[in-house]
Amino acid sequence: MTSVVAAALRDPWWRVVALLCALKALLHLALVQRYGYHGDELYFVECGRRLALGYVDHPPLIPWLARAADELGGGLLLLRLPAIVAGVGTLLCTALLVREWGGGTRAVTLALVSATVAPASLRLGGMLNIPVIEVFLCSLVALLVARALRRSGTWTWLWAGAVLGLAILAKHSSLLWAGALAAGVLATPARRALAQPWPWAGGLVALAVAAPNLAWQVQHDFATLTFIRTLRHEVLAEQGRALFVAGQLLYFHPLVVPVWVAGLVFAFREPGRAARPFALLFVIMFAALLGMGGKPYYLASAYPAVLAA
């Protein structure tokens with residue numbers, strides 16, 4: 001194992017990835033005690049002390065993580081460590097997507113720096129919250145699906161399904177992400193993979209992993225749907241669609257716009273066809289969230305793949 005790590009670190013590509021991931025981790029670790037508990041963190045801690053398979057306004061995974069930190073002794077470091085790990089994990093998944101699609105050292109440097117400097121990434125990576133876990137899990141699903149499509153994967157589809165189930169247990173909007181990816185696959189030559197049973201088996205695995213929360217929703221008359229309708233009517237509808245568009249510049253950094261736009265352009269050209277389902281995912285999610293009046297950071301899970309592209 002040591003020799004494998006040493007060999008990897010002799011590769012300039014891996015050295016860049018290791019350096020940038022380490023810098024992100026160290027940045028958040030250095031600041032982890034500087035600011036006190038965020039209100040959302042205290043809410044998740046209280047939810048974790050009342051363990052359930054679901055809650056009115058969110059799925060159960062984040063409260064479970066908060067409960068685990070509580071059981072291990074509590075404190076800001078333990079509570080925020082999952083967010084730090086998830087943020088670094090998202091960078092690693094982005095890097096591996098770059099390599100999957102043929103990018104070298106300069107490409108991975110540009111992709112990871114673009115992902116790191118985004119204000120949304122800097123904020124979310126420093127506290128326990130739902131989006132940072134969702135973005136990591138969706139990025140991992142994207143990596144697994146990209147590999148399964150490229151290499152005619154079998155078991156990879158099952159792993160992708162398991163991780164997608166966890167993403168749904170982190171944030172229900174992962175269902176929108178998954179639907180957009182499915183549409184992207186159907187609209188491209190990648191749909192040939194659907195002739196095999198493995199993608200469908202992966203979908204069943206995702207359903208099985210998310211089933212406990214689905215059962216909770218059934219038992220509580222789909223309380224979360226009522227909450228979402230109220231949220232849209234009282235909060236999201238008032239913020240306007242212009243804020244969603246402007247938020248893409250403010251939350252994900254205006255200087256990064258040329259990178260993800262180039263990723264979209266690349267994906268719709270022949271050399272980038274392997275990334276095309278994920279570019280369509282981005283476009284579909286952007287249109288859907290714009291239509292629904294979603295908050296700007298709701299699109300965060302679609303960015304890693306287009307930055308990699």
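When reading the values below, keep in mind they use all heavy atoms of this one structure, side chains included, and skip hydrogens, waters and symmetry mates.
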task: Not counting sequence neighbours, list each pair that qualifies as a ring pair (Phe, Tyr, Trp, His ring centres under 6.0 Å) and has a residue in residues 135-172.
output: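 Applying ring pair (Phe, Tyr, Trp, His ring centres under 6.0 Å) to every pair that reaches into residues 135-172, excluding sequence neighbours, yields W155-W198.
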Mind checking whether [X] and [Y] sit in one hydrophobic cluster, side chains of I, L, V, M, F, W, Y counted as touching below 4.5 Å?
| X | Y | value |
| --- | --- | --- |
| L264 | W101 | yes |
| L27 | V113 | no |
| V32 | L122 | no |
| Y55 | V218 | no |
| L26 | V132 | no |

Would you check if [X] and [Y] make a side-chain contact, meaning some heavy-atom pair closer than 4.5 Å?
| X | Y | result |
| --- | --- | --- |
| L19 | W14 | no |
| L140 | L166 | no |
| W200 | L204 | no |
| L51 | P63 | no |
| P59 | I168 | no |
| E134 | S173 | yes |
| L65 | I62 | yes |

Look only at the side chain of [X] and the backbone of [Y], and say whether a donor-acceptor pair between them is shorter than 3.5 Å.
| X | Y | answer |
| --- | --- | --- |
| R276 | A267 | yes |
| R99 | A95 | no |
| R80 | L77 | no |

Where is the tightest heavy-atom contact between [X] and [Y], given as atom of each residue plus distance?
| X | Y | value |
| --- | --- | --- |
| T156 | L144 | CG2-O, 3.2 Å |
| K24 | S121 | NZ-OG, 3.2 Å |
| G104 | V98 | O-CG1, 4.4 Å |
| P82 | I133 | O-CD1, 3.9 Å |
| A201 | L158 | CB-CD2, 3.6 Å |
| P254 | P258 | O-CD, 3.8 Å |

- prompt: Does the pair L124 and V135 meet the rule for a side-chain contact (heavy atoms from CB on, under 4.5 Å), with working shown?
  reply: CA-CA 10 Å; L124 296 177; V135 171; 5.5 Å; no
Could you give the side-chain donor-acceptor pairs of residues 243-252 under 3.5 Å, partners two or more places apart or in another chain?
from	atom 1	to	atom 2	distance (Å)
Q248	OE1	Y303	OH	2.8
Q248	NE2	F244	O	3.0
Q248	NE2	P296	O	3.2

Look at atom [atom1] of [X] and say whether more than 12 heavy atoms of other residues, nucleotides or ligands are closer to it than 6.0 Å.
| X | atom1 | answer |
| --- | --- | --- |
| R269 | CZ | no |
| R123 | CZ | no |
| Y35 | OH | no |

- prompt: Between D57 and Y43, is any side-chain donor less than 3.5 angstrom from a side-chain acceptor?
  reply: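 A pair is found: one side chain offers a donor N or O, the other an acceptor, under 3.5 Å apart.
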field: Any side-chain donor near an acceptor of the partner, K171 and S301, under 3.5 Å
entry: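 S301 and K171 do not have a side-chain donor-acceptor pair below 3.5 Å.
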task: Please report the C-alpha distance between L169 and L137 in whole Å, then the side-chain angles of each, then the deciding distance to 0.1 Å, and finally whether the side-chain contact (heavy atoms from CB on, under 4.5 Å) criterion is met.
output: CA-CA 10 Å; L169 289 178; L137 293 172; over 6 Å; no
If you round to the nearest 0.5 Å, how far is [atom2] of [Y] from [atom1] of [X]?
| X | Y | atom1 | atom2 | value |
| --- | --- | --- | --- | --- |
| L128 | L79 | CG | CG | 5.0 Å |
| L225 | Q217 | CG | CD | 6.5 Å |
| L164 | L181 | CG | CG | 8.5 Å |
| E71 | L78 | CD | CG | 12.0 Å |
| R147 | L149 | CZ | CG | 13.0 Å |
| E41 | N129 | CD | CG | 8.0 Å |

For residues 277-293, tabulate all N or O donor-acceptor pairs below 3.5 Å that involve a side-chain atom, not counting sequence neighbours.
none

